[in-house]
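Heads up: the structure comes next, in structure tokens.
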2 protein chains.
Amino acid sequence: MTGKKSPNGPRSDQEGTPEARRGPMREFSRSLPMSLLRAREAVMRQFRPSLRNHGLTEQQWRILRALTAVDTIEVTELARVAFLLGPSLSRILRDLEARDLIERRAAKTDLRRGEVSISSKGLKLIEAVAPTSEAIYAEITQRYGARKLAELQDMLGELERSLAAMEVAGEGDAEADE
Amino acid sequence: MTGKKSPNGPRSDQEGTPEARRGPMREFSRSLPMSLLRAREAVMRQFRPSLRNHGLTEQQWRILRALTAVDTIEVTELARVAFLLGPSLSRILRDLEARDLIERRAAKTDLRRGEVSISSKGLKLIEAVAPTSEAIYAEITQRYGARKLAELQDMLGELERSLAAMEVAGEGDAEADE
DNA sequence: GAAATTTGTTTAACATGTTAAGTTATCCGG
DNA sequence: CCGGATAACTTAACATGTTAAACAAATTTC
């Protein structure tokens with residue numbers, strides 16, 4: 001991990017298999033998805049140890065955190081707010097309920113819907129973790145710069161909006177029905 | 001998905017459990033990790049269907065993509081380039097090898113190291129997927145703006161660098177040994 | 001109002017993320 | 001040489017991501 005290895009591998013023949021090369025195809029590590037992935041990982045790396053010490057995963061934290069902002073919330077809404085897919089949320093809620101960190105009951109008007117809320121035990125846990133999380137977030141803000149951080153989030157938001165309208169074309173190579 | 005639901009859930013009593021409230025604690029959905037997660041998801045949502053049509057996951061694609069840039073590469077280096085953890089890479093390589101998309105052999109000088117390279121079948125697959133991927137990337141660039149995209153990536157890179165030096169403090173609540 | 005359809009949530013199945021524990025091969029000091 | 005570090009992977013175990021299918025309650029149709 002000393003970072004001395006050749007950054008792009010030892011290549012002598014720059015063409016390799018003739019048919020493949022259609023340009024270096026964008027340096028790859030500089031692609032947008034990779035940039036976003038690395039940036040997010042750099043951020044989360046700061047938080048994970050603290051969460052772990054409290055027996056929480058990132059997603060469990062997101063759920064409890066979202067629950068502190070409301071009295072009760074329906075599962076689907078919670079999935080949207082915590083940005084989790086239904087199946088993941090379903091599993092995590094089952095575990096959190098078993099740990100008595102949340103409470104759950106069916107809605108009176110619609111028995112399909114589940115209403116979730118944080119328990120007092122869950123609240124205590126949040127209170128125990130929050131200070132450290134806030135401190136880490138504060139240091140990140142300070143290091144990167146509050147101004148720049150706000151700007152970055154604006155740009156990320158606009159990226160989202162730019163792609164929201166973009167239709168996902170599947171090209172349909174292996175499937176053509178539906 | 002029409003976006004009509006109440007954006008913050010139906011809350012009547014604004015205080016709920018008294019001990020919880022210590023400030024809204026940063027709107028949460030506007031936290032940096034969430035912003036990065038949503039942005040990346042918005043981007044990957046564009047690519048996944050195409051990859052899926054070719055029987056590839058995002059990570060498998062990253063690996064094959066990285067392999068086209070080199071003649072051969074060691075597993076550890078590949079993990080660094082494709083930004084995957086060792087265990088994930090180990091599993092994926094096993095599968096890709098079983099599908100004859102890559103080739104693998106032990107290094108002569110050090111039998112621990114594995115040298116990986118893409119197979120001709122793997123190259124053909126890459127060639128089949130690349131055009132669509134490039135087209136999608138081009139449209140993203142056009143929609144968001146090439147100038148702005150470059151700026152965003154610069155800012156993401158600087159965020160990485162800002163946090164690289166930051167020591168990960170674990171606070172040691174539940175563990176104090178080591 | 002019963003059948004068909006839709007909606008909210010959960011299960012299933014497979015792939016990856018994440019940390020810890022193995023395995024085998026090198027390296028190193030005596 | 002030999003036994004104790006190290007290093008490079010690989011396995012194991014558990015949690016989540018992702019898509020498809022199952023289920024039950026609610027809504028719509030006829």
Side-chain angles (χ1 to χ4, degrees), chain A residues 1-2 5 33 37-38 40-41 44-45 47-49 51-53 55-63 73-80 82-99 104-116 168 170 174-175 177-178, chain B residues 1-2 4-5 37-38 40-41 44-45 47-49 51-53 55-63 73-80 82-99 104-116 168 170 174-175 177-178:
Chain A
M1 285 303 164
T2 49
K5 312 207 161 186
L37 180 58
R38 282 198 307 258
R40 186 177 138 81
E41 179 54 30
M44 287 314 303
R45 189 194 320 284
F47 290 98
R48 258 189 284 270
L51 293 177
R52 198 173 194 319
N53 283 341
L56 288 177
T57 66
E58 179 196 334
Q59 293 81 358
Q60 293 167 350
W61 166 251
R62 288 218 300 271
I63 291 174
I73 189 174
E74 291 178 7
V75 174
T76 301
E77 251 295 277
L78 182 55
R80 196 181 62 76
F83 206 71
L84 291 169
L85 294 180
S88 293
L89 180 56
S90 194
R91 282 177 305 217
I92 300 175
L93 287 181
R94 169 164 46 74
D95 297 344
L96 292 179
E97 187 176 22
R99 289 162 67 181
R104 189 151 51 155
R105 55 179 149 281
K108 303 171 194 64
T109 67
D110 188 339
L111 295 183
R112 292 171 303 182
R113 300 168 190 268
E115 302 194 325
V116 186
V168 279
E175 317 234 342
D177 57 323
E178 166 84 2
Chain B
M1 285 303 163
T2 49
K4 300 185 291 200
K5 312 205 161 187
L37 181 58
R38 281 198 308 257
R40 187 177 138 80
E41 179 53 31
M44 287 315 302
R45 188 195 320 284
F47 290 98
R48 258 190 284 270
L51 293 178
R52 197 171 196 314
N53 283 341
L56 287 177
T57 65
E58 178 196 334
Q59 292 81 359
Q60 293 166 351
W61 166 252
R62 288 217 301 270
I63 291 173
I73 189 175
E74 293 178 6
V75 175
T76 301
E77 251 296 278
L78 182 56
R80 196 181 62 76
F83 207 71
L84 293 169
L85 293 180
S88 293
L89 180 55
S90 195
R91 281 178 305 217
I92 300 175
L93 288 181
R94 167 164 47 73
D95 299 343
L96 291 180
E97 187 176 22
R99 289 163 65 183
R104 189 150 51 155
R105 56 180 149 282
K108 303 171 195 63
T109 66
D110 188 339
L111 296 184
R112 292 172 304 181
R113 300 169 189 268
E115 302 194 325
V116 186
V168 279
E175 319 234 340
D177 58 322
E178 169 83 7

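Chain A is the first sequence line, chain B the second, and so forth, proteins listed ahead of strands; every chain is numbered from 1.
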Where protein sits on nucleotides 9-17 of chain D, one letter per nucleotide: B base, S sugar-phosphate only, - none, heavy atoms under 4.0 Å: SSBBB-SBB
Rounded to whole Å, CG of A:L78 lies from C1' of C:dG8 at a distance of 14 Å
With sequence neighbours left out, what residues match A:R94 under salt bridge (charged side-chain N to carboxylate O under 4.0 Å, His left out)? none
Applying side-chain contact (heavy atoms from CB on, under 4.5 Å) to B:T57 and not counting sequence neighbours gives B:Q59, B:Q60
Return the value, rounded to whole Å, for the distance between atom CG of B:L111 and atom P of C:dT23. 19 Å
Send over the distance from A:M44 CE to C:dT18 C1', rounded to a whole Å. 12 Å
Qualifying residues under side-chain contact (heavy atoms from CB on, under 4.5 Å), relative to A:R104, sequence neighbours excluded: A:L93, A:E97, A:V116
Can you name the residues that form a salt bridge (charged side-chain N to carboxylate O under 4.0 Å, His left out) with B:R40, not counting sequence neighbours? B:E58
Sequence neighbours excluded, which residues qualify as side-chain contact (heavy atoms from CB on, under 4.5 Å) partners of A:P87? A:L85
Do you know the tightest heavy-atom contact between B:E115 and B:A107? OE2-CB, 3.8 Å
Atom CH2 of B:W61 and atom P of D:dT18 are separated, to the nearest Å, by 18 Å
